[in-house]
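Right, one structure below, let's go through it.
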Amino acid sequence: MNKNKKKDVFVQGPILPEFIGNAIAKHQSKTNIGAHDIFLGQVRADEIEGKKVAAIEYTAYETMADQKFYDIREAAFAKFNITCMHIYHSLGMVKTGQICLFVFVSSPRRKEVFKAKEYIVEEIKAKVPVFGKEIFEDASHQWKVNT
């Protein structure tokens, strides 16, 4: 696998369970992998000041976000003994209960894959310019703050 190639990260709308299942199935032929770890970010139905979140609309400064995803990917390969990794993030509307972030990391060993996945998810949350507008059931909205 070419670790230096930029990958398409953004998916329009929710990341579907079938997409995730297919990604996992494609790795069965890679026999140098001994462990996978997956993070799935899901839109919560938070209640904020008496209003319930119905969806999040994601936008991004895509050119900058693509570069940040690439930098995180390269840093993860340099820092950890991982075989491959995939990051997918939604753009557009994602309803509560649907998946908006899919991070899939593979390595020969489980301990390395656990550490790498946590590092990647935290770096995404801290550094990538993706913005979420929480849409409430009454159609009002507010910008989400990553925590």
Side-chain angles (χ1 to χ4, degrees), residues 1-28 30 32-49 51-136 141-147:
M1 167 176 262
N2 182 357
K3 296 174 184 174
N4 297 319
K5 183 179 172 190
K6 279 195 174 182
K7 305 283 186 178
D8 292 329
V9 171
F10 290 114
V11 172
Q12 199 62 43
I15 301 167
L16 301 176
E18 297 81 10
F19 181 87
I20 296 164
N22 286 335
I24 294 167
K26 288 177 184 174
H27 287 74
Q28 291 180 343
K30 298 180 181 186
N32 59 338
I33 294 172
H36 303 284
D37 199 6
I38 293 172
F39 175 82
L40 300 173
Q42 178 173 309
V43 175
R44 291 185 313 269
D46 285 347
E47 188 170 319
I48 302 168
E49 297 178 7
K51 297 191 286 187
K52 198 170 197 177
V53 173
I56 295 179
E57 183 178 11
Y58 291 97
T59 57
Y61 177 25
E62 290 185 51
T63 303
M64 182 184 279
D66 282 339
Q67 185 61 49
K68 292 291 184 186
F69 280 123
Y70 178 79
D71 293 346
I72 292 167
R73 179 182 165 77
E74 292 302 302
F77 274 112
K79 192 174 177 82
F80 302 100
N81 179 22
I82 55 177
T83 308
C84 63
M85 65 171 289
H86 305 275
I87 302 169
Y88 297 99
H89 199 298
S90 293
L91 287 178
M93 195 69 73
V94 180
K95 295 179 181 173
T96 55
Q98 294 181 315
I99 303 299
C100 56
L101 175 60
F102 172 34
V103 176
F104 183 23
V105 185
S106 304
S107 172
R109 304 278 179 219
R110 73 180 180 281
K111 289 182 181 176
E112 197 73 2
V113 82
F114 294 153
K115 290 186 287 185
K117 188 243 358 208
E118 182 173 359
Y119 167 82
I120 293 162
V121 171
E122 293 303 322
E123 288 289 290
I124 291 169
K125 291 292 188 179
K127 296 181 176 174
V128 180
V130 174
F131 312 100
K133 185 165 62 175
E134 293 172 314
I135 311 294
F136 296 105
H141 69 272
Q142 74 173 18
W143 289 100
K144 182 172 180 28
V145 177
N146 280 338
T147 55

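These numbers come from a predicted model, not from an experiment. Values below: every heavy atom of this structure, side chains too, minus hydrogens, waters and symmetry copies. Residue numbers count from 1 along this sequence.
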Between [X] and [Y], is any pair of side-chain heavy atoms under 4.5 Å apart?
{"X": "E118", "Y": "F39", "result": "no"}
{"X": "V11", "Y": "L91", "result": "no"}
{"X": "Q42", "Y": "V94", "result": "no"}
{"X": "I124", "Y": "V103", "result": "yes"}
{"X": "F136", "Y": "Q142", "result": "yes"}
{"X": "P17", "Y": "I99", "result": "no"}

Which residues satisfy the side-chain contact (heavy atoms from CB on, under 4.5 Å) test with [X], sequence neighbours excluded?
{"X": "I38", "answer": "I24, L40, F102, F104"}
{"X": "L16", "answer": "P14, E18"}
{"X": "N32", "answer": "K30, T83"}

Can you tell me how far apart [atom1] ([X]) and [atom2] ([Y]) are? Round to the nearest 0.5 Å.
{"X": "R73", "Y": "C84", "atom1": "CZ", "atom2": "SG", "answer": "8.5 Å"}
{"X": "R109", "Y": "K115", "atom1": "CZ", "atom2": "NZ", "answer": "12.5 Å"}
{"X": "K79", "Y": "I120", "atom1": "NZ", "atom2": "CD1", "answer": "11.0 Å"}
{"X": "E134", "Y": "K52", "atom1": "CD", "atom2": "NZ", "answer": "14.0 Å"}

By the side-chain hydrogen bond (donor to acceptor under 3.5 Å, both in side chains) test, which pairs, at least two apart or in different chains, include something from residues 93-107?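 Output for this query lists H36-S106.
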F19: partners by ring-ring contact (aromatic ring centres under 6.0 Å, His included), with sequence neighbours left out: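 Y88.
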Go through the structure and list residues passing ring-ring contact (aromatic ring centres under 6.0 Å, His included) with Y119, not counting sequence neighbours.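 Partners of Y119 by the ring-ring contact (aromatic ring centres under 6.0 Å, His included) criterion, ordered by chain and then number, come out as F80.
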If you look only at distance, which donor and acceptor atoms sit under 3.5 Å apart when one is on a side chain in residues 55-68 and the other is two or more places apart or in another chain?
| residue | atom | partner | partner atom | Å |
| --- | --- | --- | --- | --- |
| Q67 | OE1 | K6 | NZ | 3.0 |
| Q67 | NE2 | D71 | OD1 | 2.8 |

With sequence neighbours excluded, residues passing side chain to side chain donor-acceptor pair (under 3.5 Å) with K111: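 None.
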Holding to salt bridge (Lys or Arg N to Asp or Glu O under 4.0 Å), I want the full list of residues that pass it with E123, two or more places apart in sequence or in another chain. K127
Correct closest heavy-atom pair for E112 and N81 would be OE2-N, 2.8 Å
So K7 and F69, side chain to side chain contact (heavy atoms under 4.5 Å, CB included) or not? Walk me through it. CA-CA 9 Å; K7 305 283 186 178; F69 280 123; over 6 Å; no
Assess whether side chain to side chain contact (heavy atoms under 4.5 Å, CB included) is satisfied between I15 and S90, documenting all intermediate values. CA-CA 7 Å; I15 301 167; S90 293; 3.7 Å; yes
